[in-house]
Every structure is written in structure tokens, then in C-alpha cells.
Asker: 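What follows is a structure written as C-alpha cells; I'll ask about it next.
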Amino acid sequence: MLNFSDLLPYTDQFLKGLLTTVELTLYSTLLGLILGAVLATARQYGSSLVAGVVSVYVELIRNTPFIVQLFFIFFGLPSIGVMLSPWQAGMIAMVINLAAYSTEIIRAGLGTTPKGQWEAAKVLGLSFKQTLLRVVMVPAVEKIYPALTSQCIIVMLGSAVLSQISVPDLTYAANLVQSRNFRSFESYLITAGLYLLLAILMRKAFNMIGRRVFSYRVIK
Amino acid sequence: MIEFSNIDIIRNLLIATQWTILLSLAAFAGGITVALLLTAARLNKTPLLSIFVRIYVEVFQGTPLLMQMFLCFFGLSMISIEISAWNAAALSLTLFTSAFLVEIWRGCIDTLPKGQWEASRCLGLSFLQTLRYIILPQAIKTALAPSIGFSVQVVKGTALASVIGFVELTKAGSMLNNATFEPFKVFTFVAIIYFILCYPLSWTSKFLEKKFNASR
Amino acid sequence: MPLVKINDVHKYYGDLHVLKGVNLSIKQGEVICIIGRSGSGKSTLLRCMNGLEDYQKGGITVDYKEVTTEDIQVKALAKSVGMIFQNFNLFPHLTVGQNIMLAPTIVLKQSTEEARVVAKKMLTKVGLADKFDSYPEQLSGGQQQRVAIARALAMSPKVLLCDEITSALDPELVGEVLKVVEQLAEEGITLILVTHEMNFARDVSDRVVFMNQGKIWEEGPPKDIFEKPQTEELKLFVNSVL
């Protein structure tokens, strides 16, 4: 039978794990999205060489599993002299992952910019950078905002794998608890519930931010 | 200690790759089957069924695949079904895949104009006839590219079966790493093999999407 | 007994009372035009007649069949009632021929050969015999609407409901569709049209029904309706559209 009371003594472990996951998600989302926006710009407006390099990066990341990228960074890189803590390795893996996906997504948004927007900015004397940041970027991101939100949530959920290189995240806590009290199913069920809660809160937070940033839209 | 040459490493990885492919196929086939049932349940106008499908999608898209695998593995063993890592992995990947496919297909079906349903109804077609002759033939065209695109996520998802001890490509990589102490080389090979498996699927998906957009 | 009998029908969208007790009888072979401002409930009334919309009070019978939104009733009705839509609603993945033959083969269980003969006949009637193997998107709007008419006729309905069938067409294409409808009227099929084409309503219909605020405000022969409107509302409406 299910027995959740055996989990109560480990509330602290779960909370600490949860906090680590939240922390990792926050940083990686921020860095990943910024990097994604930069790479998307390079891919969309850069020279064909730059665009080519970016698309090779994007395809490499998108077509290999996250766990393999993580193992490569954590186990592989030290052998060529790059030593990383589990936390650092996990963080890097999350950032390069999110950056690759958001590059694709943001680029699609940039692609929908009507030519007239660029022309209007040009005749007003705006530079490329000014046009990009002040005119083009916000409406472009708005178009793909739901997809971007989903991708950030997917990366957060994917971070469960960081437990495999001993990053003390939520899944690591669940592993630890179930190894002590042998209530595996209950531990993982609670943990899954916490992830679900995080996912729902994250979507809510994105929607709230979205409403502020895209407040120029007339709400129908 | 046994010496592993590059050829040995690659040969061992390729043997394990067969299991990655097999697991992917099983998960994708299972996922399509379950997603079809869920889609029919959703379109049928029973409120209870569509609420169930919505919660199903929310749960499987809102929790880590790794958690789903753990829960399948330990959950099934708890209700005393003898469970192998293969079964747990195939089951959880099937559920995971179906949740995403049903959502992808929902988009494809819901963008069809309401008039298609109304015209079918006026001509006397039943719900199932409308699905079969009118809705699915049109939805399949739009659903093909994103579904194939998602199959990349399924192949990559099979890598998590390594965590519950199923020996597929990633697990084989870890084992070879422990035997050779050459992580850089081993995981590079592993990554290349995944890339070879996934890239054609990504490419096909993109190609079909372009073709479809051009034909409109 | 009339072919269509609408008895005190009320319909609500939530709190919005869109049909407020509509009564209407239509005899076999009549051509009825329903006119009125948008939001007067005329399209809703039409869609209630073949079960696309439900109603909360009253009753509708068509060809001795009670009209409800139950699937089984809608299916039975499809054999007596055809419908033409504003946006044609042709099936884009099927050829013109397949569009017309689909329902006769799977609903009426005609053989493919039988259905093909009927489909060709109906296409000839609407003047598109050469488009049998074309796809809808290769046709103009007017041609698509004529195919939709042929598709409905292939079910040999007793009543044809037309829901603003020329509203989505470019002005120069309206004539070809109306000509087909006029020809059907002459052949004696019962027609109920919701329309904004006042000239058509005046020249072709046997009776014009003016709807306002969810009710039938006035009805009568087209001459009376257009030349001797009884109510202030109809006067205003007629002046604004003619």
C-alpha cells in the first residue's frame, strides 16, 4: 500500500532539492534565452558563415540527448583539461540546450517581421541594432512566446537528469530519500507532483511577464 | 584490464544502438496508438473524457520523463507485476509520446474550419465517417511534419532508459567509459551515433513542413 | 401538412435570447427569402431547421421529421434537407466529383457507378460538367459555390437551405450562382434562403420573411413587403438596402 508518512522526516531534503532545481532553472532560463536571442539574430541577419556555424551548433544540440551532452561535459571535458563541478557542468548543459532551441524559435519569430518595419525604421534613421532591439525584437518574441515558454519548461523538466552527475537537485533528493526509507514509488510520486507544480507556476510566471511586456496589445 | 580499440568501442556501441532503435520504434508505435484513442476520446463530445485527456496531457507534459520512468519501474513492481527495465521504459515512453502527439494533433485538427464538420453533418455523415473521410485525411497532411519532428524527442528520450538500467546506447557508453577511462572519445562516439539517428528525422520533418507550406 | 413547420421556437445563447417565439409554415415548392439586419436571428433560424443549432423551446418538423441536434436525427434529416453555406465548405482534399459522390455513397449507400451518374448530372445542371476532376482550390468562388449546390442536390433533398450563399463572393460572381438558384426555383424544389440580395428576393421568391429582434416582424408576398411595408422597422430596413 502507499505510505506517505515515511516521507515526512525528509521534508528538508525535498525542499533543498527543490530550491536547487529552481535556482538552476532561473539562471539557465535567463542565460539561455539571452544567448538564444543573440544566436537567432546572428543566424537570421549574420553572414552566411556565421549563420552556418550557428546552425551547426543548433543541429548538434537538437539531435543528441541531453544526458549525453551532460556526460560529455562532465566526464569528457576534464580529459582535455576542463574541470567542472557537477553544478557548473549541469548549468552549462542546460544553458547550451535552451540556447539551441530558443535560437530556432526566436529566429522563426524574427522571420515573421514585415519588411515595412525595417524600412520604416531605416527612413527614420535608426541603426541596425536600434531597429532590432527597439522595433523588431518584442513583436517577434511575442509571436513565438507560447513556444518559448514551453521550451523553458521542457528544459526545467529535463534538469531531472542532473541528478545522475550528483547535482543535489529535486530528483537527487528523491533518489536519496528512497534509498533510505525504501518508499521508492511514494518518493517519486511526490517529486513528480512537485515538478508538475513547478511547471504550472513557471507557465503562470511567463504569462504574467508576457502580459507586461506585450501590454501594447489591445486585449480583446 | 581488457584493452578496447576504437573498433571495439564502436562495435559495442552499435550493438547497443539496435536496442535504442527498437525502443524508439516500440515507443513511437505505442504512442501513436494511445494518441489515436485519446484523440477520438477528446473529439467525442463527452465532457468527462475531454477533461481526462486534458489532465493526461498536462501531467505527462508537466513532469520529467525520468520521473515517469521511475514511477513506471517502481510502480509496476509494487503492484507485483514482474517488470523489466525494457517494459518500464517502453511503457513510460509510450505514455510520454502519446501525450505530446495528442497535443500536436489537436492543433492540426482544430485549425480545420468548423464548416468542414458542419457540411459533413448536413450531408448526413456520422461522427466516425466525418473523422475518416473528411477530418483525418486533411489533418494527417499537417500533422506529418510535426509528428516526425517529435520522433526525434522520442529517440533522445530512450537515452533515459539507461538510468533504470536498460542497456541501450547511452548505458553502453557509460559502461565503456568505465572500462576504458576515455570519456571524451566514448561520449563523442555516442553523440555521433545519436546524431546519425536523429538528424535524418529532423531534416525530413523540416523538408515536409516547407513542402506543405509551399503547397498552400 | 406543410413541409416545414416551425412552432413557437425559442433559442438562447446563454442569457442572450436570439429567437423569441418564431412561427413559420412552408409548403412544398415554395421559395422563401428571409431578410433582416445582421443579428436579427435569421441565420440562426435557418441553422435550427436542420439540427446544426439546438433550440430550447417549441418545435420544428421538416418532412414529417422532428428536428433535433441528435446525431441520428441529423442523419435522417440530411436525406430531406440540403444546406449551402456562405463559405462553400467544400472538402479541399477531394476532387469536385468526390465531393459530390461522398455522401450518396456512404450515407445513401449508392454504388459508385450510380453516384457518379448522379454527380455528373448535377454538375451539368450547375454548368460545371468539365470540372469533375478538378480540386476546389482550382475553381473560382462562384464555381465552388455551384459545386456546393451540386453536392447538396445529389442527396435529392426536398428542401434546400441557403445561408447567405453569395455574401463571400466577389460582386461579378454573384450572378452565376443566383442564376442556378433561380433555375432550381423554377424546377419546383422548396428553397429557403437567408439573403442580402433584395432584387433576387423580390423577383424570385413566393414569400419574403422579415426578421427583427429574434422575431418574424412581417411576412408576405415580395410585392407587399417591398412596396407596402406595414411596420416602421421594415420601412427603415427596405429604405436602407434598396
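Just so we're on the same page: letters track the sequence lines, and every chain starts at 1.
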Asker: Compare every heavy atom of Phe70(B) with every heavy atom of Thr171(A), then report the nearest pair and how far apart it is.
Answerer: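 In terms of heavy atoms, the two residues are closest at CG2-CE1, 4.1 Å.
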Asker: Under 4.5 Å, heavy atom to heavy atom, which residues of residues 62-76 of chain A contact chain B?
Answerer: Arg62(A), Asn63(A), Thr64(A), Pro65(A), Ile67(A), Val68(A), Phe71(A), Phe72(A), Phe75(A), Gly76(A)
Asker: How close do Leu71(B) and Ala192(A) get, counting heavy atoms only, and between which atoms?
Answerer: CD1-CB, 3.9 Å
Asker: Around atom CZ of Phe207(B), are there more than 12 heavy atoms of other residues, nucleotides or ligands at under 6.0 Å?
Answerer: no
Asker: Of the backbone (N, CA, C, O) and the side chain (C-beta and beyond), which part of Leu198(A) lies under 4.5 Å from a heavy atom of chain B, both, or neither?
Answerer: neither
Asker: Rounded to the nearest 0.5 Å, what's the gap from CD on Glu104(A) to NZ on Lys206(B)? Could you check?
Answerer: 4.0 Å
Asker: Glu58(B) versus chain A, heavy atoms under 4.5 Å apart: side chain, backbone, both or neither?
Answerer: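 For Glu58(B), heavy atoms of backbone and side chain both lie under 4.5 Å from chain A.
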Asker: Does Ser163(A) form a side chain to side chain contact (heavy atoms under 4.5 Å, CB included) with Leu66(B)? I'd like the steps, not just the answer.
Answerer: CA-CA 10 Å; Ser163(A) 60; Leu66(B) 185 60; 4.3 Å; yes
Asker: Does atom CZ of Phe14(A) have more than 12 heavy-atom neighbours, drawn from other residues, nucleotides or ligands, at distances under 6.0 Å?
Answerer: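 Buried by this count: over 12 neighbours within 6.0 Å.
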Asker: What part of Ile80(A) is in contact with chain B, defined as an atom under 4.5 angstrom from a non-hydrogen atom: side chain, backbone, both or neither?
Answerer: side chain
Asker: Can you give me every donor-acceptor pair (side chain of residues 186-199 of chain B, partner residue at least two apart or in another chain, under 3.5 Å) with its distance?
Answerer:
| from | atom 1 | to | atom 2 | distance (Å) |
| --- | --- | --- | --- | --- |
| Thr188(B) | OG1 | Phe184(B) | O | 2.5 |
| Tyr194(B) | OH | Glu168(B) | OE1 | 3.1 |
| Tyr194(B) | OH | Thr170(B) | OG1 | 2.7 |

Asker: Pick one of side chain, backbone, both or neither for Ser150(A), based on which atoms fall under 4.5 Å of a heavy atom in chain B.
Answerer: neither
Asker: Met67(B) pairs by side chain to side chain contact (heavy atoms under 4.5 Å, CB included) with which of Leu196(A), Leu194(A), Thr191(A)?
Answerer: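 Between Met67(B) and the candidates, side chain to side chain contact (heavy atoms under 4.5 Å, CB included) is satisfied uniquely by Thr191(A).
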Asker: Is Ile7(B) atom CD1 crowded by more than 12 heavy atoms from other residues, nucleotides or ligands, each under 6.0 Å away?
Answerer: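 Counting other residues, nucleotides and ligands, CD1 of Ile7(B) stays at 12 neighbours or fewer.
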Asker: Count the heavy atoms of every other residue, nucleotide or ligand shown that sit under 6.0 Å from OH of Tyr27(A), and state whether that count exceeds 12.
Answerer: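 Not buried by this count: 12 neighbours or fewer within 6.0 Å.
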Asker: Within a radius of less than 6.0 Å around CH2 of Trp117(B), do more than 12 heavy atoms belonging to other residues, nucleotides or ligands occur?
Answerer: yes
Asker: Within the structure provided, determine whether Pro64(B) and Leu170(A) are in side-chain contact (heavy-atom separation under 4.5 Å).
Answerer: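 Not in contact.
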Asker: Taking all heavy atoms of Gly62(B) and all of Leu157(A), pick out the closest pair and write down the distance.
Answerer: O-CD2, 3.4 Å
Asker: Less than 4.5 Å to any heavy atom of chain B: does that hold for the side chain of Glu59(A), its backbone, both, or neither?
Answerer: both
